[in-house]
> 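Input: one structure, supplied below.
When reading the values below, keep in mind they use all heavy atoms of this one structure, side chains included, and skip hydrogens, waters and symmetry mates.
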Amino acid sequence: MAANTKSFLADAGYGEQELDANSALMELDKGLRSGKLGEQCEAVVRFPRLFQKYPFPILINSAFLKLADVFRVGNNFLRLCVLKVTQQSEKHLEKILNVDEFVKRVFSVIHSNDPVARAITLRMLGSMASIIPERKNAHHSIRQSLDSHDNVEVEAAIFAAANFSAQSKDFAVGICNKISEMIQGLATPVDLKLKLIPILQHMHHDASLASSSRQLLQQLVTSYPSTKMVIVTLHTFTLLAASSLVDIPKQIQLLLQYLQNDPRKAVKRLAIQDLKLLANKTPHTWSRENIQALCESALNTPYDSLKMGMLSVLSTLSGTIAIKQYFSSAPGAAATTARSFDLVKLAQECCYHNNRGIAAHGVRILTNISASCQEKDLLPLEQDAVFGLEALLVLCSQDDSPGAQATLKITLTCMVKLVNCRPHLSQSVVESLLTQLHSAQDNARILMCHCLAAIAMQLPVLADGMLGDLMDLYKLIGQSATDKKQELLVSLATVIFVSSQKALSTEIKTVIKQQLENASNGWTAYRIARQASRMGNHDMARELYQSLLTQVASEHFYFWLNSLKEFSHAEQCLTGLQEDSYSSALSCIAEALKSYHKGIASLTAASTPLNPLSFQCGFVKLRIDLLQAFSQLICTCNSLKTSPPPAIATTIAMTSGNDLQRCGRISNQMKHSMEEFRNLATRYGDLYQSSFDADSATLRNVELQQQSCLLISHAIEALILDPESASFQEYSSNGTAHVESEYERRMMSVFNHVLEEVESLNRKYAPVSYLHTACLCNAVIALLKVPLSFQRYFFQKLQSTSIKLALSPSPRNPAEPIAVQNNQQLALKVEGVVQHGSKPGLFRKIQSVCLNVSSVLQSKSGQDYKIPIDSMTNEMEQRVEPHNDYFSTQFLLNFVILGTHNITVESSVIDSNGIVWKTGPKTTIFVKSLEDPYSQQVRLQQQQGQPPLQQQQQRTAYSRF
């Protein structure tokens, strides 16, 4: 029923016209006032959509007050609709400004003679518990209704009691005894007891309350041994322990006791489910004895379903700190070998089990042990893990069922994990994958290709000899045009691109294009081109984008593809660079810039208001500026030949005291060049900070571009401008970092090579000689020879986060200023809503929002006297934590100076790691500071009465003499 209700509410209002907030609310209000019940219900169920579209308090408050009126005067069906809307819009409840009025209208129905109306009101109060946790009249009504003779009302009271117990300590303490009396009372039916027991999971507000609830649950477990009662009580016991934290070790022991001793399968299943919950929540509380007891139970049980459950708990624990505790705290650990541990025996026994799920958990445990425990005596387990994985791979790749696919995913994930931590196993794992690829089902082949690509991205294990197998398979698949085959074409092409990292041979390109022409649709070709751009195979990508240009329906898509084609062509121009050939390097860069300028014009044409392509435009503009800076640097280096230092350069240097002058005009040019590279590095940093939704690979790519700018600026400084104070310590640690991709590996090796060259030159020769300029030019060419990787975020946005700000007071017309008197302060209220796409928090989550308010005086309207700078501007910053994606705060601003002031409110977000991201938005309003009436009156009086007043003073002065 819940699912039906949800879809019914979600679909209501589909196709309604775009209206502004007030018009939409008036439209719904008209429906609420209708005399027809159907129209009223339709209006009520449209409210959640309205809240989603306009999530600010002023509208939500009005809307909920209207709904409360409907609840008060309507029939029970309308009340039920209002209840469902309230439950669906729970995160908007705290935006209700007139909570008292809202509660008063709803609460009036509790005095009805109709028990159903009272029950709906109780459920309504329970749904609102987060905003009225301490309302005593609500607490009293719930306690009263628990004694009702009507079952519907009692169930509603139980729902409300559970919600209030979770929110209010006072209510939980007060209701605990009442609940325990009802549970222990003989008059209470068993089915009602089963509904009352779960309320006790919320009794964790303090230690004494949690302790008394545990005692009651302990009594219930022993007093009522029926299956249903034991299951509900044990589960409540677990949830209470998980919330109060202190009793988790006792709870683990209790659950293990039931798992070992209780003969009922339903109870055992519940114990396993709860152990899994505790393994996920608090793995550090599991002792060696607990894991040992679980292993023994798994070894002894004859039932596969129970064994699989226990293994899933153990595989969860094997990926955490608990596994290290298990091996390190073993009695006489030094004397025992790895294979003598019960956990290892169990995993090895299960690896080849005829049940796929059990086998998957067995190999996962072995993989996790191999990955986390690096001790010598655990090394033999590596081979056991590899054999188990290979056996499962053979078994699951032949089967097309969903269960086999799920097991295959686990197997392949374990393979990637094992290869990452034990690189020497990569060759055998890759060979087994390639061997199995020919005979596998299509679904399995796609997953196996993903696995191969993931391994090859980390380690260069796919040799050229293996390409033949992949190409044969590619030709074979290309003859069919089903959806699965299309997906497989993309996956295989990705593996081929990863494996031939340097450049694709003509033969491979021909085969790929031929198969795409034969069997694929345009979308498949685009996805393959996208992967080619990502792997740096720009010649292949350019040809594919070119072939797709005429196959798109919209001009925006045409311009997008045209821009990608131009960018690929530009990067392809840079592949022909040769060391020590500087004139050809300049012509290659000029050719690339020509294509980039064409591409950026197309990219700008492809952007729309809904999709402004801001990251793409920013990234490409920076690339253009970087290429121009590289070109300028090569020209500057060449100027040492075309315009060497004059004969008197040494004398000028000695006279001016600036040693750099003896190098001639190249020194000033180098200084400008260094500043330009530093400026580019700062701009790359800004692009990084504005890309909150980007995946880690894209961010790493931007970071590498920034590091290349810093590297060149450092090289200029170390070789030419300031060789004595140059330090190489801070730059030398980069090579030890974990490398994520081939592009990063190649960039890091270039960085290290350039640094070594610069350091050796810096020690041997004084600046500036042809060796120094040649070193800089070769560094530029080495950086440009690494093909640029266009990462995922350039093409695809998996996470979408935006902030919507509302300022009050706000003018009716944006260009119109808000009037404020200069002796008063303006209270600026800033409210905001965080809006998410389909996958919120995929890469990073918002911890808090940083609001920066600044004001600048635009034009003065008063007397033109000197004004202190600090009274002309306001600068304030506040951090607020969004709750249910909503935040609000206030700023007090001074406008002492008469005139028009420009207020800018800018928001940035701080993620859970404390990193600041400049996501925006930036909002501007104008304020006109007016003179207060009293000061104005005094000033006018002074201006009018000034001449006679002066004359009077003169007369009195003369009369004294």
Side-chain angles (χ1 to χ4, degrees), residues 1-13 25 28 41 43-71 78-107 109-110 119-135 138-139 141-142 155-168 171-172 198-199 201-202 239 243 804 831-836 838 840-841 845-846 881-888:
M1 182 188 167
N4 294 342
T5 310
K6 191 175 178 187
S7 60
F8 166 56
L9 291 176
D11 291 340
L25 187 58
L28 292 182
C41 292
V44 169
V45 298
R46 277 186 172 186
F47 273 91
R49 188 183 171 99
L50 181 75
F51 298 154
Q52 202 175 350
K53 208 167 179 187
Y54 308 105
F56 287 103
I58 192 155
L59 178 128
I60 283 167
N61 184 57
S62 309
F64 268 114
L65 288 176
K66 290 181 192 302
L67 287 173
D69 271 334
V70 172
F71 190 89
L78 270 174
R79 286 178 184 137
L80 190 63
C81 287
V82 173
L83 169 65
K84 292 291 177 191
V85 167
T86 308
Q87 287 176 338
Q88 198 180 342
S89 310
E90 196 175 347
K91 74 175 194 176
H92 298 299
L93 288 174
E94 64 184 41
K95 297 174 197 168
I96 300 174
L97 306 172
N98 302 5
V99 176
D100 291 343
E101 187 57 37
F102 179 60
V103 174
K104 193 169 98 179
R105 292 177 194 183
V106 169
F107 195 75
V109 186
I110 202 80
I120 295 172
T121 310
L122 284 166
R123 285 186 181 273
M124 188 78 174
L125 290 170
S127 303
M128 291 153 44
S130 59
I131 56 168
I132 52 163
E134 306 300 341
R135 292 285 166 126
H139 294 183
S141 300
I142 294 166
E155 281 181 25
I158 290 169
F159 170 81
N163 282 16
F164 271 92
S165 298
Q167 300 289 341
S168 166
F171 181 79
I199 297 177
Q201 76 191 48
H202 302 297
L239 293 173
S243 300
K804 207 172 171 181
E831 295 172 296
V833 175
V834 181
Q835 295 175 317
H836 301 285
S838 56
K845 292 177 183 171
I846 294 178
E881 284 194 21
H883 189 254
N884 287 331
D885 293 335
Y886 169 76
F887 59 89
S888 105

> I want to check something: taking the side chain as every heavy atom from C-beta on, are Phe102 and Asn61 in contact at a cut-off of under 4.5 Å?
no

> Rounded at 0.5 Å granularity, tell me how far CD1 in Ile120 sits from OG in Ser127.
11.5 Å

> Please give me the minimum heavy-atom distance between Tyr886 and Pro57, naming the atom from each residue.
OH-CG, 3.0 Å

> Once you round to the nearest 0.5 Å, how far does NE2 of His836 lie from NZ of Lys845?
10.0 Å

> To the nearest 0.5 Å, what is the distance between NZ (Lys104) and CG (Asn98)?
11.0 Å

> A quick test of your reading: do over 12 heavy atoms of other residues, nucleotides or ligands sit less than 6.0 Å from CD1 of Ile58?
no

> Atom CD1 of Ile199 and atom CG of Asn163: how far apart are they, to the nearest 0.5 Å?
9.5 Å

> For a quick test of reading the model, state the closest non-hydrogen atom pair linking His139 to Ser168 and the distance between them.
CE1-OG, 3.9 Å

> Is there a side chain to side chain contact (heavy atoms under 4.5 Å, CB included) between Asp69 and Arg105 once you walk through the steps?
CA-CA 6 Å; Asp69 271 334; Arg105 292 177 194 183; 3.1 Å; yes

> Nearest 0.5 Å, please: how far is CE in Met128 from CD1 in Ile96?
7.0 Å

> Apply side chain to side chain contact (heavy atoms under 4.5 Å, CB included) to the pair Phe164 and Ile132, showing each step before the final yes or no.
CA-CA 9 Å; Phe164 271 92; Ile132 52 163; 4.1 Å; yes

> Counting only heavy atoms not in Gln52 (residues, nucleotides, ligands), do more than 12 fall under 6.0 Å from its CD?
no

> Measure up the Phe64 and Phe51 rings against each other and bin them: parallel (under 30°), tilted (30 to 60°), perpendicular (over 60°).
parallel

> What heavy-atom pair brings Phe159 and Gln87 nearest, and what distance separates the two atoms?
CZ-NE2, 3.8 Å

> List the steps, then state whether side chain to side chain contact (heavy atoms under 4.5 Å, CB included) holds for Leu125 with Ile142.
CA-CA 9 Å; Leu125 290 170; Ile142 294 166; 5.6 Å; no

> Nearest 0.5 Å, what's the CD1-CZ distance between Ile846 and Phe887?
8.0 Å

> When Arg123 is tested against each of Lys84, Glu155, Arg79 for side-chain contact (heavy atoms from CB on, under 4.5 Å), which residue passes?
Glu155

> How close do Thr121 and Val106 get, counting heavy atoms only, and between which atoms?
CG2-O, 3.5 Å

> Carefully, step by step, assess Ser130 and Gln167 under the rule side-chain hydrogen bond (donor to acceptor under 3.5 Å, both in side chains).
CA-CA 6 Å; Ser130 59; Gln167 300 289 341; 5.4 Å; no

> Using 4.0 Å as the upper bound for N to carboxylate O, is an ion pair formed by Arg135 and Asp100?
yes

